[in-house]
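Residue numbering restarts at 1 for every chain, and letters A, B, ... go by the order of the sequence lines.
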Amino acid sequence: MATPPKPTSTIYMDHAATTPCDPRVVEAMLPYFSEKFGNPGSRNHSFGWDAEAGVDKAREQVARLINADEKEIIFTSGATEANNLAIKGAASMYERAPAGSGLVDGSRRGHIITTLIEHKAVLDPCKRLQKEGFDVTFIEPTKDGVYTAEMIEKHIRPDTILVSVMWANNEIGTINDIRAIGALCRSKDIIFHVDGTQWVGKMPTDVEKDNVDLLSFSGHKIYGPKGVGALYVRRKRPRVRLTPLFDGGGQERGFRSGTLNVTGIVGLGKACEICMQEMDKDGARLAGLRKRLEDAVAAKLDHCAVNGHKDKRLPHIANISFGFVEGEGLMMAVKDIACSSGSACTSASLEPSYVLKGLGVGDELAHSSLRLSLGRWTTQEQVDHAAEKIIFAVKRLREMSPLYDMFNEGIDLSKVEWAHH
Amino acid sequence: MAYGPKIIDHYENPRNVGAFGTSAEAKTRKDIGVGLVGAPECGDVMQLQIKVGKDGVIEDAKFKTFGCGSAIASSSLATEWLKGKTLDQAEAIKNTQIVEELSLPPVKIHCSVLAEDAIHAALEDYRKKNGIAEPAKTQAAH
């Protein structure tokens, strides 16, 4: 394994937000800044050819990670763009008159199914399409945050054109049965898009066996650079067509105009290659560390709940609600641990996590949640230190919490008449 | 969020954390005024208690807060300011003074509003228990 990035006094446990670039990735990228700086679109000189060779290699590395053909990989600026291209591109390509809608000619639209706990980069494109006349169904998850093919099937209509479901959730790490949902969509001739941002590179991915038509993912979640991602677009059985978001030079087979981000793409390719080699080992190690963390906390603190599915969870994400303690206050107390919270106070909107709310765990537990996501260079010492810090901080904050007092005095907090503001 | 030094100081060394006995005791004691504001599902609950001497001056104040760093700092500061004040002086504490003292960022102004609400609630509770008429309302609605 390569040398880890320079250590800092703060322990990084926010790998679901972003990851450090692997030094091997940086090394692969470096020649493409100033030496092999050509435009891969320049067909008539060696600078162009060198850059194109770098892109071609990366396309192969990316395709191999998900068992796709190189021609099925479209490079984008990241998963947000890939999601937008997939959802808006498919909607606009496959729109048709909804059954019984009575829409007149020239306003042909269709029905899209997605879920309540998708990332905003899926929810918001769907909401945009809703404003533009598409019907969108946002399905509620089970209490542990999972979606099954049966849940999707109930909402399929004759005019359903697209289903978009995330492979694994970014806040709680829960994993959906993509293969079964894909088989369902295939049987109904519905295009199936999967946001694989948290999944690809961490877990084995096979777009053939998993019945995926469109798959978005990103470089910076898998130890690659920021500002680069990819969309897999199926070419056979079925051949998926998309209306592009950008018009221009016709790069990426017309799906995505714009000069290619060669350095980023080379980095994404290298990151995919490393993930392919190391994901099994990494995953097993992180699952062990995550268990160690959750067990340590559970052994010393009562009224803690792990959010998300017990087993169907990514190995590196722990999302824990600490009763009677507010998330941002807790993060301040453990400020040498970089993590995130579902608390309203940590979000720009001042709303608690809609993912945790979507699970029906209640706003109160959403406010009390901490997400700790481990990564390639997380050590056992760091995990032990984090657990110790968190346990100490929760105990201290509970001593300051009026809710904890009331609970201990036997007062039912759900029966108190709170002054809402 | 990057906080100013005063918030961090109050958060790390909160003044006057605690309560005057159990909540049942505080409820019945006539020298104690209790203010409990906020709601768990909103992410902050403040409990402010004042102990008033026979001379009508606040002898002691204690708080417990479920909330973010700013909420904890705002209530900690409020207890410091309450001590030694008469009820009318306490009534005059404004959330804007808390904002200024702690340099609260704009998204945290509601924490200072909550602290002001807690002060008013504690004063009202004390007055009610002791049959003292409320002062003329000068408090702006928010």
>> At a 4.5 Å cut-off on heavy atoms, which part of B:V17 comes close to chain A: side chain, backbone, both, or neither?
In response: side chain
> Contact part of B:A121 toward chain A, heavy-atom cut-off under 4.5 Å: side chain, backbone, both or neither?
Replying inline: neither
Checking [X] against chain B: side chain, backbone, both or neither under 4.5 Å from a heavy atom?
| X | value |
| --- | --- |
| A:A366 | neither |
| A:S341 | neither |
| A:E417 | neither |

>> Quick check on the interface: out of B:P40, B:S75, B:G67, who has the most heavy-atom pairs with chain A under 4.5 Å?
In response: B:P40
[X] with [Y]: basic N within carboxylate O range, under 4.0 Å:
| X | Y | value |
| --- | --- | --- |
| B:K94 | B:E100 | no |
| A:E294 | A:R313 | yes |
| B:D9 | B:R15 | yes |
| A:K300 | A:E388 | no |
| A:K389 | A:D336 | yes |
| A:E328 | B:K108 | yes |

> Should we count CZ of A:R128 as having more than 12 external heavy atoms under 6.0 Å?
Replying inline: no
> Taking non-hydrogen atoms and a cut-off under 4.5 angstrom, which of residues 401-413 of chain A neighbour chain B?
Replying inline: A:S401, A:P402, A:L403, A:D405, A:M406, A:E409, A:I411
>> Quick one, A:M13 and A:V383 - any side-chain contact, counting heavy atoms below 4.5 Å?
In response: yes
> In terms of heavy-atom pairs under 4.5 Å, which option from A:R396, A:R398, A:M331 contacts chain B the most?
Replying inline: A:R396
> Between B:K128, B:K129, B:R127, which is the residue that forms a salt bridge (charged side-chain N to carboxylate O under 4.0 Å, His left out) with B:D125?
Replying inline: B:K129
